[in-house]
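Beneath this line is the structure, given in structure tokens, with notes to follow.
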Amino acid sequence: MPMPEWLRSRKGAQTEEPAQWMKCPSCGELLYKSDLKANHEICMKCGHYFRMHAPDRIVSLVDGDFTELGAEIEPGDPLGWVDKRPYPDKLQSDREKSGLSEAVVTGFGAVGGFTVGLGVMDFYFRGGTMGTVVGDRVALLFERARERKLPVVLFTASGGARMEEGMLALMQLAKTTQAVERFRRDGLYYIAVLTDPTTGGVSASFAFQAHVVVAEAGAAIGFAGRRVIEQTIRQKLPENFQRAEFLLEHGAIDMVVERPKLKETLVRLLDYGVGAAQGASPNGRAR
Amino acid sequence: MNPIVDREKGLIELGRRIEELKTLSATQNVDLSTQIAALEAEYAKIQQEIFGSLTPWQRVNMARHPKRPTAAEYIAKLDAFDELHGDRFFRDDPAVIAGFAKLRGRRVVVVGQQRGRDTKENVRVNFGMVTPEGYRKVRRLFELASHLGLPIVTFVDTKGADPGIGSEERAQSEAIASCLYALAESRVPSVSTIVGEGGSGGALALGLTDRIIMLQHSIYSVAGPEAAAAILFSDATKAPEAAASLRLTSDDAVLLGIADEVIGEPLGGAHRDKDATIELVLNAIERHLAELAPWTPERLQEARYRKYRQIGAWRARTAPSEQGPR
Ligand SMILES: [Zn+2]
């Protein structure tokens, strides 16, 4: 597969030469990076899923190129936030580490022949938290896809709303919800793929507003963080609590899919929805 | 426990002494007017000191004051109220009071988050933390309001959605996401009033409305100050600092383009004169509803979309040099 032009142009953003080896946080095995990449970033020894960077995920999904949308929307520091470090410093170091300008990459590309609006959140940028830029980019994705009458596939990975942007971050739940609602009202089709972790404000807004909610195997998904619950009830939670499989069992999601099967699954789901979604449904509602 | 309650104690004691002297003066027929005037001046001075300019953390505690009027007290002052119960699936969540009501003669659907006024009540309403069943009741009523063409009136007061095992098992995220969705698609006017604590997504589930009113000492926050302090300052005792950083007061909400109106509270807080506060809030809601009443559903939806779309669109508003690093 040729490297998409979009990705090649991003390569310059990476400042350091990446290490050749990765240690599996689950089993401790040393893994050769290129082997890991060839194995969908799943540990060859124990099956642990490494969290994927947004550009790698996009490359794993799109047939050819990817046209980025909203890259010009960049973060400011609306509250002048300082805790242990000033917020602009945190953004700058995450930018250098990830080569991304914010915690979501949005744009258009083809997946198995279906042109889609594609959004991928990146947990390595501020824990995938949603501030004003993530809110703006996600809203823009749904608005542009609505204009082009294209389906949207959105991969979530988020610790919730970004505290450093205060109630402005909270209001992004409202902004993104409205964009999803307007998109769906036009009879268009939205698939969410929940990856590890999807919690807090992202989980309580666009992640669960999709027509079809897919979860990647093993992903932690929930509203409240695990530690918050443990502190509240003063007991340890079972290992499977808030895992994708747990949510499937409780009826909260449509399916759990293993990473190597994600693309083919998405292509099938797009095939069912795309023909029917072109204006057939009067109000876009199907709960 | 609540620092505001502690500081109030001296004031309440002083008020009691003034009353005693007044009674004494009247019954014993002695002139104590100089002493009374001195104590009253002292009272006014302390009151001004305590409440004249509250820090963000003091306002958090004011928002959480146990005597602060709750949703039920606002609803009790409506012209009529017929409560509707249940989510139709699992149970009726008492942390949400909802139903048909008449506000200044206008038929509305009202939804409020109910915080307890004492321990017994707090146990019953789960300290105002709503479970998925509560949010599903809310969603059902939002949809009913749109169906019948009745405006939506909400009272927001929660430190956050319930973080329990059962709530996660029954998909708390989906329940909140669906409330937000129902407000986004609603075709009727909606007004939310933050009467106490507006704690993160669990509060916003009742807050994606055409108009947002805040009481002066209510707060709206992306996270509780204690949780923010624990995560960002690695020290839960830094909640006062976190409260200041989070910019969660009603003044901040106006500056950030979120609140449409702030209703002033009596010196010392809404609980010092409940009836007057409730009256002011209901008048303000009615004023906004009257303004929105002639709007078509399309105009309401368009204005609502723009209202939230422009929140935090910083790039468009700031000069490139002010955009931070890079
Ligand atoms: Zn391993």
Side-chain angles (χ1 to χ4, degrees), chain A residues 72-79 81-84 88-89 91-92 95 101 131-132 135-136 139 161-175 177-182 185 200-201 203-209 221-224 228-229 232-233 237 241-242 247 250-252 287, chain B residues 160-165 167-178 180-181 183-185 198 200-205 207-208 220-223 227-228 231-234 238 241-242 245-248 252-253 256 258 301 304-305 307-309 311-315 318 322-326:
Chain A
E72 74 286 357
I73 308 169
E74 289 199 7
D77 180 16
L79 305 188
W81 180 280
V82 178
D83 46 68
K84 286 181 287 187
D89 284 6
L91 290 173
Q92 184 58 30
R95 241 176 237 151
S101 60
T132 54
D136 272 2
R162 188 171 300 168
M163 289 191 203
E164 294 93 333
E165 294 188 23
M167 65 176 114
L168 292 172
L170 178 62
M171 291 298 150
Q172 304 311 308
L173 278 70
K175 181 191 288 178
T177 294
Q178 296 214 108
V180 173
E181 191 275 326
R182 192 172 265 206
R185 207 194 311 158
S203 163
S205 58
F206 55 85
F208 274 99
Q209 289 165 347
I221 300 159
F223 179 68
V228 174
I229 303 172
T232 310
I233 62 169
L237 292 162
F241 184 72
Q242 291 185 322
L247 271 83
H250 284 89
R287 274 212 169 89
Chain B
D162 177 61
I165 293 181
S167 288
E168 293 295 322
E169 286 174 340
R170 296 190 296 280
Q172 183 70 289
S173 293
E174 190 279 339
I176 294 170
S178 289
L180 290 168
Y181 196 94
L183 284 174
E185 72 178 347
S200 78
L204 188 66
L208 198 170
Y220 220 152
S221 183
V222 66
I231 295 167
L232 295 167
F233 297 85
S234 312
K238 291 231 164 88
E241 284 92 326
S245 295
L246 285 164
R247 303 273 296 271
L248 42 64
D252 294 318
L256 296 169
I258 292 166
Q301 285 179 329
R304 199 182 303 142
Y305 196 90
K307 175 181 172 69
Y308 293 96
R309 187 67 176 89
I311 293 177
W314 292 96
R315 193 170 189 280
T318 52
E322 293 167 34
Q323 264 179 53
R326 182 163 234 175

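Quick note on labels: first sequence line is chain A, next is B, and so on, each numbered from 1.
Between B:I311 and B:L256, every side-chain heavy-atom pair lies at or beyond the 4.5 Å cut-off. Proximity of A:S203 to A:F208: side-chain heavy atoms (C-beta onward) are separated by under 4.5 Å at one or more points.
Using a 4.5 Å cut-off between heavy atoms, B:L204 contacts chain A through its side chain alone, with no backbone atom that close. Of the atoms belonging to B:Q301, heavy atoms from both backbone and side chain fall under 4.5 Å from chain A. Neither the backbone nor the side chain of A:L247 comes within contact range of chain B, judged by heavy atoms closer than 4.5 Å. With a 4.5 Å cut-off on non-hydrogen atoms, B:A223 touches chain A through its side chain but not through its backbone. Only the side chain of A:Q242 comes within contact range of chain B, with heavy atoms under 4.5 Å apart. Only the side chain of A:F241 comes within less than 4.5 Å of a heavy atom in chain B; its backbone stays farther off. Heavy atoms closer than 4.5 Å to chain B are found in the side chain of A:T232, but not in its backbone. Interface remark: B:L183 contributes no atoms to any contact with chain A (heavy atom separation under 4.5 Å). Neither the backbone nor the side chain of A:A207 has a heavy atom closer than 4.5 Å to any heavy atom of chain B. At a 4.5 Å heavy-atom cutoff, the contact between B:R304 and chain A is made by backbone and side-chain atoms alike. Only the side chain of B:I258 comes within less than 4.5 Å of a heavy atom in chain A; its backbone stays farther off. Both the backbone and the side chain of B:A253 come within less than 4.5 Å of a heavy atom of chain A. For A:I233, the part sitting under 4.5 Å from any heavy atom of chain B is the side chain, from C-beta outward, and nothing else.
With sequence neighbours excluded, no residue satisfies side-chain hydrogen bond (donor to acceptor under 3.5 Å, both in side chains) with B:Y308. The side-chain contact (heavy atoms from CB on, under 4.5 Å) test applied to B:S167 returns B:T131, B:P132, B:D162, B:Q172, not counting sequence neighbours.
Highest contact tally toward chain A, considering only B:L232, B:I176, B:L208, is held by B:L232 [criterion: heavy-atom pairs under 4.5 Å]. Residue with the most contacts toward chain B among A:A174, A:A139, A:A252, A:G251: A:A174 (heavy-atom pairs, distance under 4.5 Å). Listed options A:A179, A:G201, A:A169, A:A161 were ranked by heavy-atom pairs under 4.5 angstrom with chain B; first place goes to A:A179. Chain A forms more heavy-atom pairs under 4.5 Å with one residue of B:S200, B:G198, B:G201, B:A171 than with any other, namely B:S200. Across A:Q172, A:R182, A:H250, the residue that shares the most heavy-atom pairs under 4.5 angstrom with chain B is A:R182. Considering only heavy-atom pairs separated by less than 4.5 Å from chain B, the leading option among A:A224, A:G222, A:A204, A:G166 is A:A204.
Taking CD of B:E168 as the start and CZ of B:R170 as the end, the distance is 10.5 Å to the nearest 0.5 Å. Interatomic distance, B:S245 OG to A:M163 CE, rounded to the nearest 0.5 Å: 12.0 Å. To the nearest 0.5 Å, the span separating OH on B:Y305 from NZ on A:K175 amounts to 9.5 Å. Atoms CD and CZ, from B:E241 and B:F233 in turn, are 6.5 Å apart once rounded to the nearest 0.5 Å. With values rounded to the nearest 0.5 angstrom, B:R247 atom CZ is found 12.5 Å from B:S221 atom OG.
Salt bridge B:R309/A:D136: present, at least one basic N to carboxylate O contact under 4.0 Å.
If you check the side chains of A:E74 and A:S101, you find no donor sitting under 3.5 Å from an acceptor. Counted by atom type alone, A:T177 and A:Q209 present one or more donor-acceptor pairs between their side chains at under 3.5 Å.
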